[in-house]
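All residue numbers refer to positions in the sequence shown, counting from 1. This is a predicted model, so every value here is computed, not measured.
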Amino acid sequence: MYDVVIIGAGVSGVFLAYTLASQSQNVLLIDKGKQLHKRSCPLDEGKLCSCDVCGKYYGFAGLGKSEGKFNYTNDFGGDLEQKVGPEKALRLMKEVDDVLCSFGGDEVKLYSTVNPDLVKNAEVHGLQFLSTEVRHLGTARSTAIFQRIYDVLKSRIDIWFEVDVKRIEKQENEFKIVSNKGDVQARRVVVATGRSGNDWVEEQFSALGVKKGSTRLDLGIRIEMHGRQLNRLLEHTFETKLASQHEGVISYTYCMNPKGRIIRKYQEGLVMPDGQNYREEGSGTANLNFTLFTPAYFNELPKEVSLFKRVKGVAQR
C-alpha cells in the first residue's frame with residue numbers, strides 16, 4: 001500500500017511528489033500522458049493530430065515545460081493566500097524556488113517588478129499595479145530542469161505514465177484507485193489534474209461526495225502591438241501587470257512578452273492564441289504581446305464547465 005497516490009504529474013504534482021519523497025513517504029505519481037522526453041505535438045511539425053492524449057498538456061511537468069515562468073506573489077495567480085495565509089503562501093513559494101534552484105534554476109536571475117513610480121502613476125489613471133518576484137526559465141531550461149527532477153524522483157518513488165484512472169473508491173481506512181494499469185491502495189489520494197481533468201474531477205468528486213469550493217474561469221483576448229507603445233511601462237521590467245475595475249468587474253493584463261509574436265496554441269479541439277517571448281526567440285521582433293482577461297467565479301464546477309463549453313462552441317462556429 002502507498003502512503004500517497006498523486007493523480008497528475010503536472011507542476012503541482014511533481015513538487016508535491018518531490019516533497020513527500022524527501023520525507024521518505026511511499027509515493028505513486030501517475031499521469032495520463034507520457035514521460036517528458038516523449039512529449040511532442042505533431043501540429044508543431046505541420047502534421048495532422050490524431051493523439052488521444054495531448055502531448056502538450058499531459059505528461060510529466062504538464063505546462064511547466066512551456067515557458068517556465070514562475071511568479072512568486074500574493075497579488076495574483078490564485079487563492080492560496082486565502083487558504084493558508086499570506087506569510088505561509090510566500091514561504092511555500094520560496095520552497096518551490098529553492099527546489100528549482102537546486103536543479104539549475106539559479107542560472108536565471110530572480111528579479112522583482114516592484115516599482116513605486118509605476119504604482120503611483122497607475123493609481124493616477126485608476127489602475128492597480130500588481131508586483132511579483134519572477135524566475136523566468138524559458139522553455140529549454142525549464143524542460144531540462146524538470147528532466148533532472150524526474151531523474152531523481154524515479155529512484156525514490158514509483159511513477160506510472162499513460163494511466164487512465166477509471167475511478168477512486170473510498171474504503172474503510174484507505175482508497176482504491178482503479179486504472180487501466182491495475183488497481184492500487186493508498187492511505188491518501190491527491191488529485192492534481194489541472195484544467196484538462198475538469199470533467200473527470202467532477203465525476204469522481206460527485207461519486208465520492210467531496211464538497212467542492214468555488215472555481216474560476218479566465219476569459220479574454222491576446223493583443224499584439226508595436227513594442228514602443230508600452231516602453232514606459234516595460235523599460236525596467238517586462239513582467240508588468242495591471243488591474244482595472246469598472247462597474248464591479250475587474251480585468252487584468254497578464255503575460256507580457258516583449259519582442260515576441262502571437263502564435264497558435266492547440267488545446268481541447270481549439271486553435272487559440274499564445275505568446276512567444278524573447279527568451280525563446282533570440283532574434284526577437286519589434287512587437288510585444290500580452291493577455292487582457294476578466295475572471296468569472298462559480299460556486300459549482302459544472303456551471304464553470306458549462307460556460308467554457310458554450311464559449312468553446314461559439315469559437316468553433
Side-chain angles (χ1 to χ4, degrees), residues 1-39 58-66 68-74 77-81 83-110 132-138 140-163 165 168 173-177 179 181 184-194 197:
M1 179 187 295
Y2 290 98
D3 293 319
V4 183
V5 169
I6 305 170
I7 302 174
V11 175
S12 60
V14 167
F15 279 98
L16 174 59
Y18 185 84
T19 300
L20 295 176
S22 301
Q23 299 169 356
S24 300
Q25 300 245 15
N26 186 17
V27 177
L28 170 62
L29 176 65
I30 60 182
D31 197 274
K32 196 172 186 177
K34 299 179 179 181
Q35 296 182 41
L36 187 56
H37 71 277
K38 293 182 179 179
R39 291 176 57 188
Y58 292 91
F60 193 85
L63 286 174
K65 77 181 292 284
S66 56
K69 185 184 293 182
F70 289 80
N71 290 299
Y72 306 124
T73 182
N74 287 323
D79 304 317
L80 183 61
E81 175 189 16
K83 291 179 171 65
V84 303
E87 293 183 1
K88 185 174 182 179
L90 291 174
R91 187 167 68 250
L92 291 170
M93 295 177 204
K94 176 64 167 56
E95 291 178 12
V96 167
D97 193 60
D98 288 344
V99 173
L100 285 176
C101 289
S102 70
F103 286 93
D106 54 357
E107 296 172 358
V108 175
K109 184 179 178 182
L110 180 73
T132 181
E133 287 190 318
V134 187
R135 197 175 299 277
H136 189 181
L137 304 175
R141 183 176 284 105
S142 180
T143 301
I145 287 172
F146 276 103
Q147 183 61 50
R148 292 172 197 144
I149 294 175
Y150 171 76
D151 291 339
V152 169
L153 277 180
K154 68 181 181 181
S155 64
R156 297 183 181 180
I157 68 172
D158 291 337
I159 308 176
W160 294 0
F161 293 105
E162 300 181 66
V163 178
V165 176
I168 304 170
N173 295 310
E174 62 203 43
F175 293 90
K176 179 180 179 180
I177 296 89
S179 79
K181 295 292 181 73
V184 294
Q185 311 287 130
R187 294 183 177 87
R188 291 173 292 171
V189 176
V190 176
V191 176
T193 53

message = For Ile168 and Val191: C-alpha separation, side-chain torsions, deciding distance, then whether side-chain contact (heavy atoms from CB on, under 4.5 Å) applies.
response = CA-CA 10 Å; Ile168 304 170; Val191 176; 4.2 Å; yes
Note, Leu63 side chain near Val11 side chain (heavy atom, < 4.5 Å) =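 Side chain of Leu63 against side chain of Val11, heavy atoms only: no contact under 4.5 Å found.
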Minimum side-chain heavy-atom gap Asp98-Lys94 below 4.5 Å =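 Sidechains of Lys94 and Asp98: in contact.
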Geometric class of the Tyr150/Phe60 ring pair [parallel <30°, tilted 30-60°, perpendicular >60°] =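 It falls in the perpendicular class, over 60°.
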Rounded to the nearest 0.5 Å, what's the gap from [atom1] on [X] to [atom2] on [Y]? Could you check?
X      : Y      : atom1 : atom2 : value
Gln185 : Asn173 : CD    : CG    : 11.5 Å
Leu90  : Glu81  : CG    : CD    : 7.5 Å
His136 : Ser142 : NE2   : OG    : 9.0 Å
Ile149 : Phe15  : CD1   : CZ    : 5.0 Å
Tyr72  : Arg135 : OH    : CZ    : 6.0 Å
Asp97  : Glu133 : CG    : CD    : 8.0 Å

Can you name the closest pair of heavy atoms from [X] and [Y] and give their distance?
X      : Y      : value
Ala17  : Leu29  : CB-CD2, 4.2 Å
Glu174 : Met1   : OE1-CE, 2.8 Å
Val152 : Ser155 : O-OG, 2.9 Å
Ile157 : Val27  : CB-O, 3.4 Å
Leu36  : Ala61  : CD1-CB, 4.2 Å
Leu153 : Ala21  : CD2-CB, 4.1 Å

task = With side-chain contact (heavy atoms from CB on, under 4.5 Å) as the test, would you mind laying out the steps for Leu28 and Ile177 before giving the verdict?
result = CA-CA 11 Å; Leu28 170 62; Ile177 296 89; over 6 Å; no
message = Between Asn71 (side chain only) and Thr132 (backbone N and O only), is there a donor and an acceptor less than 3.5 Å apart?
response =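 No.
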query = Taking only residues two or more places apart in sequence, or in another chain, which ones meet Lys88 in a side chain to side chain contact (heavy atoms under 4.5 Å, CB included)?
reply =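 Expected list: Val84, Arg91, Leu92.
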Determine all donor-acceptor pairs shorter than 3.5 Å in which one atom belongs to a side chain in residues 100-107; sequence neighbours excluded.
unit_1, atom_1, unit_2, atom_2, d
Ser102, OG, Val99, O, 2.6
Glu107, OE1, Arg141, NE, 3.1

For Phe146, all residues meeting ring pair (Phe, Tyr, Trp, His ring centres under 6.0 Å), sequence neighbours excluded =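 So Phe146 forms no ring pair (Phe, Tyr, Trp, His ring centres under 6.0 Å) with any residue.
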inquiry  = Can you list everything that forms a side-chain hydrogen bond (donor to acceptor under 3.5 Å, both in side chains) with Asp3? Sequence neighbours excluded, please.
reply    =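 Asp3 satisfies side-chain hydrogen bond (donor to acceptor under 3.5 Å, both in side chains) with Arg187 only.
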query = Among pairs that include at least one residue of residues 16-34, which meet side chain to side chain donor-acceptor pair (under 3.5 Å), considering only residues two or more places apart or in two chains?
reply =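 Non-adjacent pairs meeting side chain to side chain donor-acceptor pair (under 3.5 Å): Gln25-Arg188.
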ask   = Of all residues at least two apart in sequence or in a different chain, which pass the salt bridge (charged side-chain N to carboxylate O under 4.0 Å, His left out) check with Lys38?
value =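 Per chain and number, Lys38 pairs via salt bridge (charged side-chain N to carboxylate O under 4.0 Å, His left out) with no residue.
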query = Counting only heavy atoms not in Lys181, do more than 12 sit closer than 6.0 Å to its NZ atom?
reply =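 Atom NZ in Lys181 is packed in, count exceeds 12.
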ask   = Going through the checks in order, is the side-chain contact (heavy atoms from CB on, under 4.5 Å) test met by Met93 and Asn74?
value = CA-CA 10 Å; Met93 295 177 204; Asn74 287 323; 3.6 Å; yes
